[in-house]
*Asks:* 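What follows is a structure written as structure tokens; I'll ask about it next.
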Amino acid sequence: MVDDDDFSFPGDLLAAQRRLSAAEAEHVALCRALPSRARTAAARRRAAAGGVPAEGIRDQAEQERRIRARVLELAERVHGHPYWDTLPPAERAAARGALGRRTSGGTPAPATLAA
């Protein structure tokens with residue numbers, strides 16, 4: 001059986017995984033704080049009718065897109081890292097799990113928006 005301590009991750013991979021976990025957590029927190037679709041649609045209708053400007057909604061959407069793009073960029077960096085090619089294919093899944101545990105302090109990164 002492969003143990004988490006069996007893997008010697010390069011420093012740049014560890015740093016990228018830490019940044020990825022932080023970006024994922026930031027994205028989840030932002031999405032949980034965003035207004036519901038119904039409130040967003042109502043705000044857009046008010047803005048179209050000359051009411052409250054929809055700039056805040058556009059700003060929030062842009063912030064979400066920016067963070068999501070960062071998450072995807074970091075995920076590509078982590079998952080495409082050359083380190084994975086140095087491992088036998090049968091060990092890669094265990095190593096990916098170990099990397100996540102090692103960089104999260106034992107707390108897995110949020111995988112969904114469900115609370």
Side-chain angles (χ1 to χ4, degrees):
M1 180 175 173
V2 179
D3 188 59
D4 283 4
D5 294 329
D6 292 343
F7 303 104
S8 179
F9 300 109
D12 64 324
L13 178 57
L14 289 164
Q17 179 62 51
R18 284 185 190 102
R19 288 192 306 271
L20 173 59
S21 295
E24 288 173 328
E26 182 181 4
H27 187 254
V28 168
L30 173 67
C31 289
R32 285 185 175 149
L34 290 175
S36 70
R37 286 182 185 255
R39 288 189 347 223
T40 302
R44 286 188 178 149
R45 284 192 300 276
R46 283 193 307 275
V52 176
E55 287 182 30
I57 293 168
R58 282 191 292 273
D59 291 345
Q60 289 172 330
E62 177 56 34
Q63 183 182 11
E64 188 277 332
R65 280 190 292 274
R66 193 172 51 254
I67 295 170
R68 183 170 19 104
R70 181 76 175 138
V71 167
L72 293 173
E73 172 192 329
L74 289 164
E76 287 175 4
R77 187 175 302 162
V78 168
H79 293 287
H81 196 281
Y83 171 75
W84 305 117
D85 294 332
T86 69
L87 297 175
E91 291 181 14
R92 290 180 189 161
R96 288 182 193 276
L99 176 66
R101 286 185 295 278
R102 191 170 301 173
T103 58
S104 69
T107 305
T112 67
L113 295 180

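What you see is a predicted model; the values in this text were computed from it and never measured.
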*Asks:* Please identify each residue that fulfils side chain to side chain donor-acceptor pair (under 3.5 Å) with Arg70, with sequence neighbours left out.
*Replies:*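 In terms of side chain to side chain donor-acceptor pair (under 3.5 Å), with neighbours along the sequence ignored, Arg70 is linked to Glu73.
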
*Asks:* Using 0.5 Å steps for rounding, measure from the NE2 atom of His27 to the CZ atom of Arg65.
*Replies:*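 Those atoms lie 11.0 Å apart.
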
*Asks:* Hey, what do you get for CD (Gln17) to CG (Asp12), rounding to the nearest 0.5 Å?
*Replies:*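 So the gap between those two atoms works out to 12.0 Å.
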
*Asks:* To the nearest 0.5 Å, what is the distance between CG (Asp59) and CD (Glu64)?
*Replies:*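 Here the interatomic distance stands at 13.5 Å.
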
*Asks:* Which pair of heavy atoms, one from Thr103 and one from Arg18, lies closest together, and at what distance?
*Replies:*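 The answer is CB-CG, 3.7 Å.
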
*Asks:* Less than 4.5 Å apart, any side-chain heavy atom of Trp84 and any of Leu99?
*Replies:*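 With C-beta onward as the side chain, the pair touches.
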
*Asks:* Quick one: CD on Glu62 to CD1 on Ile67, what's the gap to the nearest 0.5 Å?
*Replies:*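 Those atoms lie 10.0 Å apart.
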
*Asks:* Between the side chain of Thr86 and the main-chain N/O of Tyr83, is any donor-acceptor distance below 3.5 Å?
*Replies:*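 Yes, because the side chain of Thr86 sits within donor-acceptor range (under 3.5 Å) of the backbone of Tyr83.
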
*Asks:* Supply the atom-to-atom distance Arg96 CZ to Leu87 CG, rounded to the nearest 0.5 angstrom.
*Replies:*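 CG of Leu87 is found 9.0 Å from CZ of Arg96.
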
*Asks:* For Arg101 and Ala94, which heavy atoms make the closest approach, and how far apart are they?
*Replies:*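 For Arg101 and Ala94, the tightest heavy-atom pair comes out as NH2-O, 4.1 Å.
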
*Asks:* Could you report the tightest heavy-atom contact between Leu74 and Ala16, atom names first, then the distance?
*Replies:*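 Minimum heavy-atom contact is CD2-O, 4.3 Å.
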
*Asks:* Let me confirm one number: the CZ-CZ distance from Phe7 to Arg92, rounded to the nearest 0.5 Å.
*Replies:*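 Going from the CZ atom of Phe7 to the CZ atom of Arg92 covers 11.5 Å.
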
